[in-house]
Asker: 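My questions will all concern the structure given below.
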There are 2 protein chains.
Amino acid sequence: MSRSGADLALLLLGGFRVLADSATAELAERGYPDHRPVHDFAMRAIAAGADNASELGRRMSVTKQSAAKTIATLQERGYVAIGPDPEDARRKRLQVTDLGQQVLSTGEAIFDDLRAQWAQQIGETNLRALETHLQTLVGTEPMRFDTPGWVSRGTTPADG
Amino acid sequence: MSRSGADLALLLLGGFRVLADSATAELAERGYPDHRPVHDFAMRAIAAGADNASELGRRMSVTKQSAAKTIATLQERGYVAIGPDPEDARRKRLQVTDLGQQVLSTGEAIFDDLRAQWAQQIGETNLRALETHLQTLVGTEPMRFDTPGWVSRGTTPADG
DNA sequence: AAAATATAGACAGCTTGGTTGTCGATTGTC
DNA sequence: GACAATCGACAACCAAGCTGTCTATATTTT
């Protein structure tokens, strides 16, 4: 087996897509249609403290305008609520709604389920090793909630 | 360490992005600007026998219209040539040019280089194990040249 | 041979998720 | 009080997908 670097890249992407697609499909089946990974990660970031558009954009390595768009759709679906910020009149404070929390925990459960399936296939030990090594390779930080621009142009936006 | 399924997904995507971004950047530095992974995989597919738009679309799990767009940009850059098909007047036969071959082999070298760097970080044995396990999880097929839709809507297009 | 059907590629138009650039409103600092 | 920085909004654009429609050519069926 040749084991080229390109194969490795494809393998990683394939792995992600299998997980992401399965999760999206399952989420749709459980009553949350059109919920993409990006929505999930954005909500997680909001829940984790990125409670305004600019900050969310920063954490997701995306312009604030783009973040605002995501926020708008999340708001339309009732997953996040927008209110005024008592400390800064320019800001609009974001908050994950109860419905949003439901999606979040459902999504988490689904992902954990998928991971468990994988663990069953190759063994928990091997899966853990895979994760550990991948983490070493990707960087020390566990890539928290900042979704890395979603396979886009790679360069992080400057914005103003 | 919690090891949630979502973390795993992020890790996989992160890994892919690190490789893809590095490769894109390096390729740009060596004189092939704006060459994205999708171009590379499309060219590989063409070289591997997908010598018309419809077939390319099929292999990349993308509509033929979308494939046609990619082909158009590759042609503009002089990476593929379009000629008539002697056996079927509807078809336009695709061919990777010499310049295209250069990009291809350069890209391959870069990817292999990146893989070597990773091997140095966690050891060849571990990297091999990672690849093997990932392959088991993603599916038996090594995901050949069909780029899996590039983190899009997951559903494969029907088209006509 | 003719008719029905399938396929190749082109064109128009839409959607998603990004990007700049600009702007008014607000805040904080000198 | 003046001035720079920041927040969020708007407009315009782009890339890479999608669908739907169309013509020309092949292929298959009658």
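Per chain, numbering begins at 1; letters A, B, ... match sequence-line order. Note that the structure is predicted; figures quoted are calculated from it, not measured.
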Asker: Kindly indicate whether the side chain of A/Gln65 and the base of C/dG17 share any N or O donor-acceptor pair separated by less than 3.5 Å?
Answerer: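 By the distance-only test, no, there is no pair.
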
Asker: From CG of B/Asp51 over to P of C/dT7, roughly how many Å is that when rounded to an integer?
Answerer: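 Interatomic distance, CG of B/Asp51 to P of C/dT7: 17 Å.
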
Asker: Between A/Met43 and A/His35, does the side-chain contact (heavy atoms from CB on, under 4.5 Å) criterion hold? Intermediate values first, please.
Answerer: CA-CA 11 Å; A/Met43 286 169 65; A/His35 195 72; 3.8 Å; yes

Asker: Whole-Å distance between C/dG9 C1' and B/Leu56 CG?
Answerer: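 From B/Leu56 CG to C/dG9 C1': 13 Å.
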
Asker: Would you give me the side-chain donor-acceptor pairs under 3.5 Å for residues 66-82 of chain A, sequence neighbours excluded?
Answerer:
from: A/Thr70; atom 1: OG1; to: A/Ser66; atom 2: O; distance (Å): 3.4
from: A/Thr73; atom 1: OG1; to: A/Thr70; atom 2: O; distance (Å): 2.9
from: A/Arg77; atom 1: NH1; to: A/Asp34; atom 2: O; distance (Å): 2.8

Asker: Would you say a side-chain N or O of A/Thr63 is under 4.0 Å from OP1 or OP2 of C/dG18?
Answerer: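 Checking C/dG18 against A/Thr63, no side-chain N or O comes under 4.0 Å of OP1 or OP2.
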
Asker: Step by step, would you call A/Leu10 with B/Val138 a side-chain contact (heavy atoms from CB on, under 4.5 Å)?
Answerer: CA-CA 10 Å; A/Leu10 242 16; B/Val138 167; over 6 Å; no

Asker: Within this structure, what is the CE-to-C1' distance between B/Met60 and D/dG17, rounded to whole angstrom?
Answerer: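 Result: 11 Å.
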
Asker: For DNA chain C, which residues in residues 80-91 of chain B have a heavy atom at a distance below 4.0 Å?
Answerer: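 B/Arg90, B/Arg91 - these, ordered by number, are the residues of the stretch whose heavy atoms sit under 4.0 Å from the strand.
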
Asker: To the nearest 0.5 Å, what is the distance between CG (B/Leu27) and CZ (B/Arg30)?
Answerer: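 Here the rounded value is 8.0 Å.
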
Asker: For the pair made of CG in B/Asn52 and P in C/dA10, what is the distance, rounded to whole Å?
Answerer: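 Going from CG in B/Asn52 over to P in C/dA10 covers 11 Å.
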
Asker: Check the pair A/Glu55 / A/Asp51 against side-chain contact (heavy atoms from CB on, under 4.5 Å), numbers first and verdict last.
Answerer: CA-CA 7 Å; A/Glu55 180 57 27; A/Asp51 67 346; 5.6 Å; no

Asker: Between the base of D/dG8 and the side chain of A/Lys92, is there a donor and acceptor pair under 3.5 angstrom?
Answerer: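 No.
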
Asker: I'd like to know whether B/Leu11 forms a side-chain contact (heavy atoms from CB on, under 4.5 Å) with A/Phe16, so could you lay out the CA-CA distance, the side-chain angles of the two residues, the decisive distance to 0.1 Å, and finally the verdict.
Answerer: CA-CA 8 Å; B/Leu11 231 32; A/Phe16 169 76; over 6 Å; no

Asker: Does B/Arg58 have a side-chain nitrogen or oxygen under 4.0 Å from the phosphate oxygens OP1 or OP2 of C/dA8?
Answerer: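 Result: yes.
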
Asker: Measure the distance from CD1 on A/Ile71 to C1' on C/dG18 and round it to the nearest whole Å.
Answerer: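 From A/Ile71 CD1 to C/dG18 C1': 15 Å.
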
Asker: Which of these nucleotides, D/dG8, D/dC18, C/dG17, is closest to any side-chain atom of A/Lys64?
Answerer: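 The nucleotide sitting nearest to the side chain is D/dG8.
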
Asker: Choose from D/dC7, D/dA16, C/dG17 the nucleotide whose nearest atom is closest to any side-chain atom of A/Val38.
Answerer: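 Nearest to the side chain of A/Val38 among the choices is C/dG17.
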
Asker: Regarding A/Glu124 and A/Arg115, does a basic nitrogen lie under 4.0 Å from an acidic carboxylate oxygen?
Answerer: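 Looking at A/Glu124 and A/Arg115, the cut-off is met.
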
Asker: Whole angstrom is fine here: how far is it from CZ in B/Phe41 over to C1' in D/dG17?
Answerer: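 That distance rounds to 18 Å.
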
Asker: Taking only the side-chain nitrogens and oxygens of A/Ser54, find out if one of them lies under 4.0 Å from OP1 or OP2 of D/dT6.
Answerer: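 Answer is no, no contact under 4.0 Å.
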
